[in-house]
Amino acid sequence: MFKTIKADIKAVYQRDPAVNNLFEILLAYSGLHAIIIHRLSHWLYSLGLRTIPRLIAQLARFLTGIEIHPGAKIGKGFFIDHGMGVVIGETTELGEDVTLYQGVTLGGTGKEKGKRHPTIGNNVLVGAGAKILGSIKIGNDSKIGAGSVVLKDVPANSTVIGIPGRVIRREGKPIHPELDLNHCELPDPIGDAIRSLQQRLNQLEEK
């Protein structure tokens, strides 16, 4: 567990340009606090305990604003940037070197039993406010754009944006060359639809 926590600390150094020193990481990074507490609660959960790990998880939620169910399986090198509002469900599985931004939800879609939360591969980045719902798989080295809602499996090496989420890049090659994970250039399908209707309305009024 301590080797895994060491990898989590190293991930902060690698992925956050704002970090200054180890002292700051240990005291001021709520994402790291949440994952360290989760490592403990998950260990207790794996021993068959249920109530105590849940209480520990609730304490972590109160302290950090990040809710991680003790049953979630999280690989090493996990990094939550900022973190407020992140929710990770009970049967979620995350690979190594995963990065989540604030407001991400890895949740279920109903009251079904068994595996009901996502499985996230290695080296996956999930943008702010994205929702990945249900027992679906996100392939290795994929990126989920901010605000996306992903309800279906995502192949490895893919970039996903939109509601519902759709793959715009696969294996490094753009499916829609005009789109990418540049957040200031993400498409606005609702805005496009409104503009199209307005244009059509103008044409009808001219006639």
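On a predicted model such as this, the values are computed, not experimentally measured, just so you know.
- At distances below 3.5 Å, not a single donor-acceptor pair connects side-chain atoms of Y29 with backbone N or O atoms of I80.
- For R116 and T91, the side-chain atoms include no donor-acceptor pair closer than 3.5 Å.
- One finds the CD1 atom of I144 at 11.0 Å from the CD1 atom of I161 (value rounded to the nearest 0.5 Å).
- In summary, the side chains of Q198 and N202 do present a donor paired with an acceptor at a separation below 3.5 Å, with no hydrogens or angles considered.
- The hydrophobic cluster containing I37 does not contain I25, counting ILVMFWY residues as joined when their side-chain heavy atoms lie under 4.5 angstrom apart, directly or transitively.
- With hydrogens and angles ignored, the 3.5 Å screen pairs a side-chain donor or acceptor of N140 with a backbone N or O of N122.
- I56 and S41 get closest at one heavy-atom pair: CG2-CB, 3.9 Å.
- Scanning all heavy atoms of the two residues, the minimum distance from I66 to M84 falls at CG1-N, 4.5 Å.
- Note: the hydrophobic cluster containing I36 does not contain I52 (ILVMFWY, side chain heavy atoms under 4.5 Å, direct or indirect links).
- Considering CG of L106 and CD of E67, their distance stands at 12.0 Å, rounded to 0.5 Å.
- Checked by atom type and distance alone, the side chain of R200 never pairs as donor or acceptor with a backbone atom of R195 at under 3.5 Å.
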- Message: Between Y45 and H69, does the ring-ring contact (aromatic ring centres under 6.0 Å, His included) criterion hold? Intermediate values first, please.
- Response: CA-CA 10 Å; Y45 192 87; H69 192 284; 5.7 Å; yes

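- Among all heavy-atom pairs drawn from A72 and H42, the shortest one is O-ND1, 3.2 Å.
- A single hydrophobic cluster is seen to contain both I5 and L100, as judged by linkage of ILVMFWY side chains at heavy-atom distances under 4.5 Å, directly or through other members.
- Judged by distance alone, the side chain of Q58 and the main-chain N or O of R54 form no donor-acceptor pair under 3.5 Å.
- Here the OG atom belonging to S142 is positioned 13.5 Å from the NZ atom belonging to K137, to the nearest 0.5 angstrom.
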- After noting the C-alpha distance and the side-chain angles of F78 and L94, does the key distance pass the side-chain contact (heavy atoms from CB on, under 4.5 Å) rule? CA-CA 9 Å; F78 182 54; L94 288 88; 3.5 Å; yes

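- Across all their heavy atoms, V19 and D16 have their closest contact at CG1-O, 3.1 Å.
- Put simply, CD1 on I35 and CD1 on I9 are 11.5 Å apart, with the number rounded to the nearest 0.5 Å.
- Checking side-chain atoms of T64 against main-chain N and O of A60 turns up a donor-acceptor pair under 3.5 Å.
- Smallest separation of non-hydrogen atoms from V150 and I136: O-CD1, 3.6 Å.
- Going from atom OG1 of T92 over to atom NZ of K73 covers 11.5 Å, rounded to the nearest 0.5 Å.
- G145 and S148 make their closest contact through O-OG, 2.9 Å (heavy atoms, listed as atom of the first residue, atom of the second, distance).
- Note: T109 OG1 to K131 NZ = 15.0 Å, rounded to the nearest 0.5 Å.
- Without hydrogens or angle criteria, T119 side chain to I138 main chain gives no donor-acceptor distance under 3.5 Å.
- Hydrophobic clustering keeps I68 apart from W43 (ILVMFWY residues linked when any side-chain heavy atoms are closer than 4.5 Å, directly or through intermediates).
- Test D8, D81, D97 against R15 for salt bridge (Lys or Arg N to Asp or Glu O under 4.0 Å) and you get one pass: D97.
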